[in-house]
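Residue numbering restarts at 1 for every chain, and letters A, B, ... go by the order of the sequence lines.
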There are 2 protein chains.
Amino acid sequence: MHVVEMVKPDGRALALYSRAPIQFAAAAPSPFADPLAANPHFRWHPLRGEWVAYAAFRQHRTFQPPPEYNPLAVTTDPAAPTELPEGDYEIAVFDNRFPSMSLDAHDAPASSVPTAPAAGHCEVVVFTQNPADALARLPLGRIELLLAVWGDRTVRAGRRGAIKYVLPFENRGVEVGVTLHHPHGQIYAYPFVPPVPATMLANERIYYARHGRALLVDMVQTELADPVRVLYHGLHAVAFVPACARYPYEVWVTPIAHVPDFAALSVEQRADLARALKTVLLKYEGLWQRPFPYLMSWYQAPTDGEAHPETQLHAQFSPPYRTRDRLKYLAGTELGAGMFAMDALPEDKAAELQAVVVAPELMA
Amino acid sequence: MHVVEMVKPDGRALALYSRAPIQFAAAAPSPFADPLAANPHFRWHPLRGEWVAYAAFRQHRTFQPPPEYNPLAVTTDPAAPTELPEGDYEIAVFDNRFPSMSLDAHDAPASSVPTAPAAGHCEVVVFTQNPADALARLPLGRIELLLAVWGDRTVRAGRRGAIKYVLPFENRGVEVGVTLHHPHGQIYAYPFVPPVPATMLANERIYYARHGRALLVDMVQTELADPVRVLYHGLHAVAFVPACARYPYEVWVTPIAHVPDFAALSVEQRADLARALKTVLLKYEGLWQRPFPYLMSWYQAPTDGEAHPETQLHAQFSPPYRTRDRLKYLAGTELGAGMFAMDALPEDKAAELQAVVVAPELMA
C-alpha cells in the first residue's frame, strides 16, 4: 500500500492511497477558500449518560448538488475546484469540511449540562475516481485496499492520544439521507468509546471472562454449524444474517478467526474478508436489480493501546427496506424504547439473499 | 373517568373512556372475522444484550388504506366493520390486531440464540371519533382524559405480573411511517424494562443515590432558572427544549414536582400537564403552518411494584425534520455509534418555537 499525504489550501489533510506507487498527483484542491474554522462541542445528556455533538454550521453543508457539480470528482477545471486532485491513486481520504468533531475544537460554551470541545476527527473516504461506480462493483483488489486504508486510518487516529474509537461507515442511498452519490464512506474517530460499541464491548467482556473466547467468534461457529442464514463461507471470512437481526436485511461480515481490528488482518484474511463483503454487496444489488441502500458500520477494538481478545472486527449492515417497496421506519418501540420489532424472520430474509446468484465473473 | 369494557368478535379487548357516563355504545366490532392467533417471540441479541421481537405476520398489516376505508373510524355499515363501535365515548383503547408482543405468546421456536415468548401487550389508543382531527386541536379536557387513560392502562397492565414497563407513544406523519392518519397512539407493555428507559433509570438511580432527588426534577429547576429554552411554564408543568437535545425540535414535557408515573398525577398536575402538552403541539403545528410529524414517547416508572423516587414521568418528542424541508436522517454516527450529531443549537430551535404564538382561544 502506497500513500501520499497532502494539505489542502484551507488547511485540511488529504491522503491518496494506491496499491502501486503513486507516480502523479496534482496539488490538493479545495472547493472552499477560507480556512476551516470548525469548533464543534459536546454536551452531556444526563438522562442517557452520553455525549451529543453540536456543530451549528452543518445546516449549510453540501446537499444534493446539481449533477454538473460533484465535490468528490477529480478537479479538471482549476476554476471549479473539487475535493480531489488528478492523479493515479485509487482511494482518497480527506478531512470533512463540515465535521461533527474536530481535533481543533476548543473553549466549549457553557450550558446547563456539562460541555466539552468535540475533540474527535471526521474523514471522508472516496472509494474510486468514477462517480458512477459503486462499492459492490469495485475489483476485489480495490476492496482489499479499502480494508487496508481503514486500518491505516485507524492506526493513525489511534496514535493521537485523544482518540479512543474509530468507526468507518458508509451511508448509501437517498433513503438513508445521502447527499452525494459518488461512492464514498466516512470515518468518525471519537475521543471516547461511543454508546453502541461500548454496549457490545461490555457484553463481549462478560462473555470473554466466562468462556475465554470472543463472543462473536463463537457466534460464527454456531452459525456455521447450521448454515441456514449463511451467505458466504470462505477459508477466513463469513457473511450471514444474524439470528437476532434487528433489520430485515441485516447482514454481518467478519473474519472466522479472532481479529480485533483492521490492522490485525493477515493478507489472506483481508483478501477473504473482501470477497465476503463484495458477495454481500452484489447480493444486495441483485436482490431487486437496483441500487440497494444501507448503512454499513465497521466495528473494531478501541484504540486505547490495550489488547482486546474479547472484541471481533466485523461489519453490520442496516438496510432501510423491509420489502421491495416498503421502508422499515424506526418509531415508537425502536427509538422510544430501544426494542426492535421485526415483521420478518431472519431465516426468510437470509433465504431471499441466498437465492441471489452472484455471477463468478463479477467476483474479480 | 368512566370506562366500558367489551370484547371483539375475534376475542380482542376494547375499552371505551369518557369524562361523562357512557350512555350508549353498539357492540364491539372487528374488521377481522377469524380469531387472533398472534404468537410473536423474542430472540436474545448477545452482542447488544437486548431482546428483539419477531412477529412474522406483520408484513400484511393494514397499510395506507384508501380514503374510503378507515379502520379507526366508527362502524356505520355493519357490512364493513371497523375497530370501533358507535357510542358517546371520547377515547377508545383496543388490543392491536398485529401485535409485536402478546400475552398469549407461547412455545417460542428454538434458534442459535436464546428465545422466549414475546409475552407483552400492544394496544391502540384512538384519541377522537373525528378522523380529521389532531391531538393538538382536541379540547384540554380531552387531553386531560387521555393522560388519565394512559394512567389507567398502565395500572391495568402493571397488575399483570408479567408486565414490567408501559410506554405510551404516538407516531405522527408519513415521515415517521404512520399508516393510519386517524388521530391515535399506541401503548407497548413490555415484560422487561426496555433498553432506552433502562439506561435512563440507571442514570436516575445513580443521581438519586448521590443527591436524594430525581435527576429530571433538578434538570427542570436548572432550565427554569435560565429559561432560554423553556416553551411553557405553568404552576405544575413545564415544556422545554433540553440543553442536550438529540433532535433539532426535540421537546420534553414534564410535571415540575416529582411524579413517577401517570397514576401519581394530582388533578391539578394533570390539568397543567395537558396545557403544557397542548402548547407544544400547537407550537409545532404553527411553526410551518402545516401538520408537524413527530414521535412522542412517554416515560414513567417501571410497573415493578416498587417505589421510584428517582424516576420522573415525562414526554420526549423526537421530530424528524431539521429544517422546514430537510429531514434529519439517522445514519452512521447515530445508528452505528449511538452518538447523535446536531447541526443546530437547542437554543436556536427553542427560539423558533418560542416565537410561535399560540392564540389563547385555541387553549380551550
Next item on the list: Take Thr222(B) and Val113(A), measure what side-chain contact (heavy atoms from CB on, under 4.5 Å) needs, and give me the verdict at the end.
Entry: CA-CA 9 Å; Thr222(B) 307; Val113(A) 292; over 6 Å; no

Next item on the list: Using the side-chain contact (heavy atoms from CB on, under 4.5 Å) rule, take Leu295(A) and Tyr329(B) through it: C-alpha gap first, then chi angles, then the decisive distance, then the call.
Entry: CA-CA 11 Å; Leu295(A) 161 62; Tyr329(B) 289 93; over 6 Å; no

Check: Below 4.0 angstrom, N of the basic side chain to O of the carboxylate: do Arg43(B) and Glu347(A) qualify?
Finding: yes

Please look at [X] and chain A and tell me whether the side chain, the backbone, both or neither of the residue comes under 4.5 angstrom of a heavy atom of that chain.
{"X": "Leu215(B)", "value": "side chain"}
{"X": "Val176(B)", "value": "backbone"}
{"X": "Leu167(B)", "value": "side chain"}
{"X": "Met296(B)", "value": "neither"}
{"X": "Glu223(B)", "value": "side chain"}
{"X": "Tyr165(B)", "value": "neither"}
{"X": "Phe317(B)", "value": "neither"}

Margin query: For the interface with chain B, which of Ala245(A), Ala202(A), Ala118(A) has the highest count of heavy-atom pairs at distances below 4.5 Å?
Written below: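 Most heavy-atom pairs within the cutoff with chain B belong to Ala245(A).
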
Checklist line | Winner by heavy-atom pair count (cut-off under 4.5 Å) against chain B, out of Ala243(A), Ala198(A), Pro320(A) | finding: Ala243(A)

At a heavy-atom distance under 4.5 Å, which candidate from [options] has the highest pair count against chain A?
{"options": "Cys122(B), Gly49(B), Pro346(B)", "value": "Pro346(B)"}
{"options": "Tyr54(B), Phe192(B), Trp298(B)", "value": "Tyr54(B)"}
{"options": "Ala331(B), Ser318(B), Ser297(B)", "value": "Ala331(B)"}
{"options": "Pro194(B), Ser111(B), Gly336(B)", "value": "Gly336(B)"}

Margin query: Between Tyr247(A) and chain B, with a heavy-atom cut-off of 4.5 Å, which part of the residue counts as in contact: side chain, backbone, both or neither?
Written below: side chain

Where do [X] and [Y] come nearest, in terms of heavy atoms and distance?
{"X": "Arg48(A)", "Y": "Asn203(B)", "result": "C-ND2, 3.3 Å"}
{"X": "Leu345(A)", "Y": "Ala56(B)", "result": "CG-CB, 4.1 Å"}
{"X": "Pro197(A)", "Y": "Ala337(B)", "result": "CD-O, 3.5 Å"}

Measuring from [X]:[atom1] to [Y]:[atom2], what's the distance to the nearest 0.5 Å?
{"X": "Leu224(A)", "Y": "Ser112(B)", "atom1": "CG", "atom2": "OG", "value": "11.0 Å"}
{"X": "Asp343(A)", "Y": "Ser100(B)", "atom1": "CG", "atom2": "OG", "value": "8.5 Å"}
{"X": "Met219(A)", "Y": "Leu47(B)", "atom1": "CE", "atom2": "CG", "value": "5.5 Å"}
{"X": "Phe169(A)", "Y": "Thr333(B)", "atom1": "CZ", "atom2": "OG1", "value": "6.5 Å"}
{"X": "Tyr190(B)", "Y": "Met339(A)", "atom1": "OH", "atom2": "CE", "value": "5.0 Å"}

Next item on the list: Start with the C-alpha gap between Gln316(A) and Leu335(B), add the side-chain angles, then the distance that decides, and say whether side-chain contact (heavy atoms from CB on, under 4.5 Å) holds.
Entry: CA-CA 11 Å; Gln316(A) 293 187 13; Leu335(B) 294 181; over 6 Å; no

